[in-house]
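These notes are about the structure you will find just below.
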Protein chains: 2
Amino acid sequence: MPRTTDGDGTPVPQRLLAAATRLFAEQGYDRTSVQEIVEAAGVTKGALYHYFGSKDDLLHEVYARVLRLQQERLDTFANADEPVEKRLRDAAADVVVTTIENLDDAMIFFRSMHHLSPEKNKQVRAERRRYHERFRALIEEGQKAGVFSTATPADLVVDYHFGSVHHLSTWYRPDGPLGPQEVADHLADLLLRALRP
Amino acid sequence: MPRTTDGDGTPVPQRLLAAATRLFAEQGYDRTSVQEIVEAAGVTKGALYHYFGSKDDLLHEVYARVLRLQQERLDTFANADEPVEKRLRDAAADVVVTTIENLDDAMIFFRSMHHLSPEKNKQVRAERRRYHERFRALIEEGQKAGVFSTATPADLVVDYHFGSVHHLSTWYRPDGPLGPQEVADHLADLLLRALRP
DNA sequence: TTACACATACCGACTGGTTAGTCTGTCCCG
DNA sequence: CGGGACAGACTAACCAGTCGGTATGTGTAA
């Protein structure tokens with residue numbers, strides 16, 4: 001029997017990633033020692049450095065996972081066979097829901113970018129830009145079609161919306177009065193209302 | 001002659017605070033060593049610990065300064081003798097301008113909250129809430145007066161706007177195409193448009 | 001079927017480097 | 001001459017990453 005799943009059934013690399021995600025979100029990247037991570041995952045340093053090249057690598061994995069997920073979802077909504085208003089609203093609301101459902105990831109994402117090595121940072125920024133562009137294209141499409149106001153540059157509108165998404169990890173509490181879908185509907189509403197011609 | 005102003009004319013405590021602000025924004029709190037700060041300020045550790053109790057204290061001072069400034073400005077705009085739409089627009093635009101003009105402060109503010117000691121963190125949160133409440137009151141006033149839509153709870157609207165303010169330090173570049181006032185006008189526009197009944 | 005080689009999956013003591021904060025002492029001013 | 005304003009060496013703690021070692025499974029050849 002390989003030790004890869006010793007104890008519970010989850011493979012060691014995933015246990016490490018999960019522990020790191022939680023600890024990075026709770027205490028920040030720099031305040032979390034590798035020792036804490038391996039203890040939380042029930043292994044030792046040997047295991048961590050067997051699967052990951054560095055502590056930095058672990059952080060990078062978190063980013064890769066989030067980016068992949070969000071890009072996939074955006075593409076699905078953006079390419080749907082629906083009027084552009086609905087596609088934008090659905091995409092805008094969805095990113096809110098998935099962000100709330102992975103608040104730890106979101107916290108890390110926006111708070112720890114600068115802890116990545118310059119090289120990995122660049123890579124993440126590039127992927128992030130792709131996401132941004134796709135979202136912007138959606139808005140520009142609506143503007144050209146005349147269903148969205150052109151008063152504000154599409155770029156700024158995207159940053160406006162993602163600012164609020166970013167901010168979620170600061171104020172949203174699962175035990176608060178609003179569920180993820182409710183918040184998402186409200187925020188998508190605000191976006192669409194701001195875009196009314 | 002006291003050494004307090006040795007070299008240039010700026011007093012040592014302020015030189016330290018300025019150096020710390022810049023370095024915290026550039027590299028993050030944890031990645032900035034006390035040694036770097038004192039070197040940048042042209043003094044030694046003795047001087048720093050003569051004026052500040054800890055590295056944490058230095059960070060706290062940055063927060064206190066930002067909060068004081070923003071609260072003052074908000075109060076001025078919110079209590080002006082103008083219709084509520086104008087007061088909200090002015091306040092919303094002003095916070096964008098002052099944030100852009102102090103991007104370093106903003107960067108630190110939103111990225112380093114969790115580095116403060118629990119006690120100081122609580123204090124900052126409390127002051128921040130006061131600010132938030134004042135802003136919310138403005139929106140609720142407009143909603144009651146019927147000039148703003150009541151479709152979205154005022155709380156959420158505030159978070160929506162401050163999310164975008166928060167986000168500024170991530171994407172705004174002084175050498176970009178838009179000046180501070182232009183960005184502020186656009187963002188205030190988006191807020192007011194979203195609030196149209 | 002057994003025996004041996006080899007790889008994978010880890011363990012945990014150790015190292016080299018860094019850091020916040022302390023403390024003793026010096027210098028100048030009133 | 002007393003005290004505020006520093007200087008700078010020192011300490012105690014911590015931490016990322018390394019490395020030699022061990023255990024377990026797998027392929028293969030006699």
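None of these values were measured; they are calculated from a predicted model. Below, chain A is the first sequence line, B the second, and so on; all start at residue 1.
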Round to the nearest Å and state the distance from A/Glu39 atom CD to C/dG12 atom P.
-> 11 Å
Measure the acute angle between the ring planes of A/Tyr131 and A/Phe162, then classify it against the limits of 30° and 60° as parallel, tilted or perpendicular.
-> perpendicular
Connected via hydrophobic side-chain network under 4.5 Å: A/Val95 and A/Val124 = no
Charged N to carboxylate O under 4.0 angstrom, A/Arg22 versus A/Asp104?
-> no
B/Lys55 NZ/CZ over B/Tyr49 ring centroid, <6.0 Å and within 45° of normal = no
Check: protein-nucleotides 10-17 of chain D nitrogen or oxygen pairs below 3.5 Å:
| unit_1 | atom_1 | unit_2 | atom_2 | d |
| --- | --- | --- | --- | --- |
| D/dA16 | OP1 | A/Thr32 | O | 3.4 |
| D/dA16 | OP1 | A/Lys55 | NZ | 3.0 |
| D/dA16 | OP2 | A/Val34 | N | 2.8 |
| D/dA16 | N7 | A/Lys45 | NZ | 3.0 |
| D/dG17 | OP2 | A/Tyr49 | OH | 2.9 |
| D/dG17 | OP2 | A/Lys55 | N | 3.0 |
| D/dG17 | N7 | A/Lys45 | NZ | 2.9 |
| D/dG17 | O6 | A/Lys45 | NZ | 2.7 |

Between A/His50 and C/dA9, does any side-chain N or O lie under 4.0 Å from OP1 or OP2?
-> yes
Separation of C/dT19 atom P from B/Leu48 atom CG, nearest Å, is 15 Å
Using a strict cut-off of less than 4.0 Å between a Lys/Arg side-chain nitrogen and an Asp/Glu carboxylate oxygen, indicate whether B/Asp185 and B/Arg89 qualify as a salt bridge.
-> no
Listed once per pair and sorted, the ring pair (Phe, Tyr, Trp, His ring centres under 6.0 Å) pairs that draw on residues 55-80 of chain B, sequence neighbours left out | B/Tyr63-B/Phe109
So what is the end-to-end bend of the helix from C/dT1-D/dA30 to C/dG30-D/dC1, with 5 pairs used at each end and the value given to 10 degrees?
-> 0°
Kindly indicate whether the side chain of B/Leu88, heavy atoms from C-beta on, has any atom under 4.5 Å from the side chain of B/Phe148.
-> yes
Are A/His166 and B/His166 near enough that their ring centres are under 6.0 Å apart?
-> yes
